[in-house]
Amino acid sequence: MATDASLLSRDAGLLWHPYAALDAGAGYAVTEARGARLVLEDETGTLREVIDGMSSWWSSVHGYRNPALDAAARGQLEKFSHVMFGGLTHQPAIELAERLVALAPGDLRHVFLADSGSISVEVALKLALQYQEAKGRTTRHRFAALRGGYHGDTFATMGICDPQDGMHAAFTRRSSAELFLPKPPSARRTAPGHWEYLASELADWESTVRALVSTNSAQLAGIVCEPVLQGAGGMHIYPPAVLGILRELADEHDLPLIADEIATGFGRTGELFAVDHAGIVPDIMCLGKALTGGYLTLAALLCSSKIASALATGAGSAGSALLHGPTFMGNPLACAVACASLDLLAGAPGTALKDAPWRAQVAALESGLRAGLAPAAGLESVKDVRVLGGVGVVQLRAPVDVPAVTRAAVAHGVWVRPFRDLVYVMPPYISTPEELAVLGRGLLAAVEQVHG
Ligand SMILES: *Cc1c(COP(=O)(O)O)cnc(C)c1O
C-alpha cells in the first residue's frame, strides 16, 4: 500500500506491541540494522544510528546482518524453507540436535524442537507430567518454581512465573496452582568461580525450601528455575549453590529439574550454560532466544535418557508419545541458521569449548560493562549496579520513567528498553570496546538526565 503517512502513524492503533496498549504504538521504526547498531526513524522522519544494548531481547548475539548467518539462511532458502516434521526429517534439524547434545552438560541426549521459548517450557512441563504418570504417580501435577521467575507468556508458563511481581498478575486467578519457593538470596560474581553472598541468607533459604518441597512432594511433578540469573522477573542474580540444593531436592523426590536457559544459554552469563556455574546437570533444559543468533524464532528442549526412557515404557495414559507437535516444528531455515550460530559461538566442530570464541567475547563485555556502569552507583537515583557476564543492570530506587529514559538514551546514541525499576543491557557479543563505552555513557547520561 503506497502512502505518505509515517510508519509510526500507520502502526499506532493497528498493531499491538509487547505488553502495551493498542494506542501506545512504537517510539521508532527500524530502517536498517547492522552489527551492534540499529538505524531508528522517529516521528519527524529523522534517522539516527544507535548502539543496541538489548540484542533484541537477548537474541542477536552475533549482531545484525552477520555474513555467516545470512549465508546459512540463503543456503537453506535455496533448498527448502519449511517442511512438516511429522513423519519427515531433514539434515538441518538432525545436525542442530546433534550439536546441541554435544554442547549440553551431562547426558541431555534427546531433543524436542519448539517454535518459541514459551512453547519449549510448555513441552518441558508436559514431559515432566508424563514422566510422573509413566511412573504411576497420579497425584503429581504441580510444579515448584522460584519466586521472581519468568518462564513465558502462555497459560501454563504464566503459572510458574512470579505470581505477584511478574508480568502476569492480571491472570493470577487462573494460575495459582503451583508451589512457589522463596526468591533465592542475591549474589555477586567477583571473579570467575568466586561468588559473594550472605551464607546465613542461603542457609535460611535452604531450610525453607527443603521444608516446602518435602511437605508438598506427593503433589509435585517437577522443579523449574532460571539458573543463576532471573531475567524478565527482575534481573536477579543468585548463588550457584542454590542449583546444587535444587538438584539434591529433585533427586530426593524424583522430580525432574527443569533449567530454563532461554535467556542465559549460549554464554550470556559467562559460562556456556548458567547451570555450568554450579556444575550441575538438569534433567530437562530449555534453550531459545540466542539459539538462532536472533534471526528466526526457534527453541529447543533437551532431556536426559532417564526421562525419555520412562516415557518410552508407555506406562502413562498417553502411551509412549510426547504429546506436542507444532506446525513449524524443526523449521529448516531456523535450524540451518542455528547451526551457523553455533559455529560462530563454539568455533568449528571439534574446537575445545574452553577456547571457543564466545568466552573471550563475553569476558570483554563483562569488563566493558563493569567499567562503563560502575559510575552509575554514584547517582542519587541508583540503588544497585550489577554485572554478570554480558549482562549489566542498573537498578533505580523508583520505577523507571520508561518513555523518558528511552528517549534520552536514543538522544545519546543507545537503545535500551527498561522495565520496572531496571535499566539493563545485554549487548551483542560482537560489540567493540568503543561501542560498549558509548553504551555505558549513554545509559548513565539518560538515567541522570531523567532521574538524577
Ligand atoms: C524469553 C523467555 C521465555 C519465553 O520465550 P519466548 O520465546 O518469548 O516465548 C521463557 N523463559 C525465559 C527465561 C525467558 O527469558
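Whatever order the structure lists them in is the order used to number ligands and atoms, beginning at 1. Heavy-atom basis, side chains included; hydrogens, waters and symmetry copies ignored.
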Kindly say whether the aromatic ring centers of Tyr238 and Tyr197 come within a distance under 6.0 Å.
no
Checking Ser55 against Arg268 for the side-chain hydrogen bond (donor to acceptor under 3.5 Å, both in side chains) test, could you report, in this order, the C-alpha distance in whole Å, the side-chain angles of both residues, the deciding distance, and whether it holds?
CA-CA 11 Å; Ser55 297; Arg268 183 53 79 176; 3.3 Å; yes
Among all protein heavy atoms, pick the one closest to atom 1 (C) of ligand 1 and tell me residue, atom and distance.
Lys289 NZ, 1.5 Å
For the pair Gln76 (side chain) and Leu333 (backbone), establish whether a donor and an acceptor sit closer than 3.5 Å, ignoring hydrogens and angles.
no
For Tyr295 and Ser59, run side-chain hydrogen bond (donor to acceptor under 3.5 Å, both in side chains): C-alpha distance rounded to whole Å, both residues' side-chain angles, the deciding distance at 0.1 Å, then the answer.
CA-CA 8 Å; Tyr295 269 49; Ser59 67; over 6 Å; no
Pick, from Glu226, Glu261, His151, the option with the minimum heavy-atom distance to atom 10 (C) of ligand 1.
His151
Atoms of ligand 1 under 4.0 Å from any heavy atom of Ser116, numbered from 1 in the order shown, are 7 (O), 9 (O)
Could you go through the side-chain hydrogen bond (donor to acceptor under 3.5 Å, both in side chains) check for Thr154 and Thr157 one step at a time?
CA-CA 5 Å; Thr154 54; Thr157 63; 2.9 Å; yes
For ligand 1, which part of Tyr150 has a heavy atom less than 4.0 Å away: the side chain, the backbone, both, or neither?
both
Would one find an N or O of Asp260, backbone or side chain, under 3.5 Å from an N or O of ligand 1?
yes
For Val209, run the side-chain contact (heavy atoms from CB on, under 4.5 Å) check against Ile223, Leu181, Asp204 and tell me which one passes.
Leu181
What is the closest protein heavy atom to atom 8 (O) of ligand 1, and at what distance does it sit?
Ser118 OG, 4.4 Å
Report yes if some N/O of Gly117 lies less than 3.5 Å from some N/O of ligand 1; otherwise report no.
yes
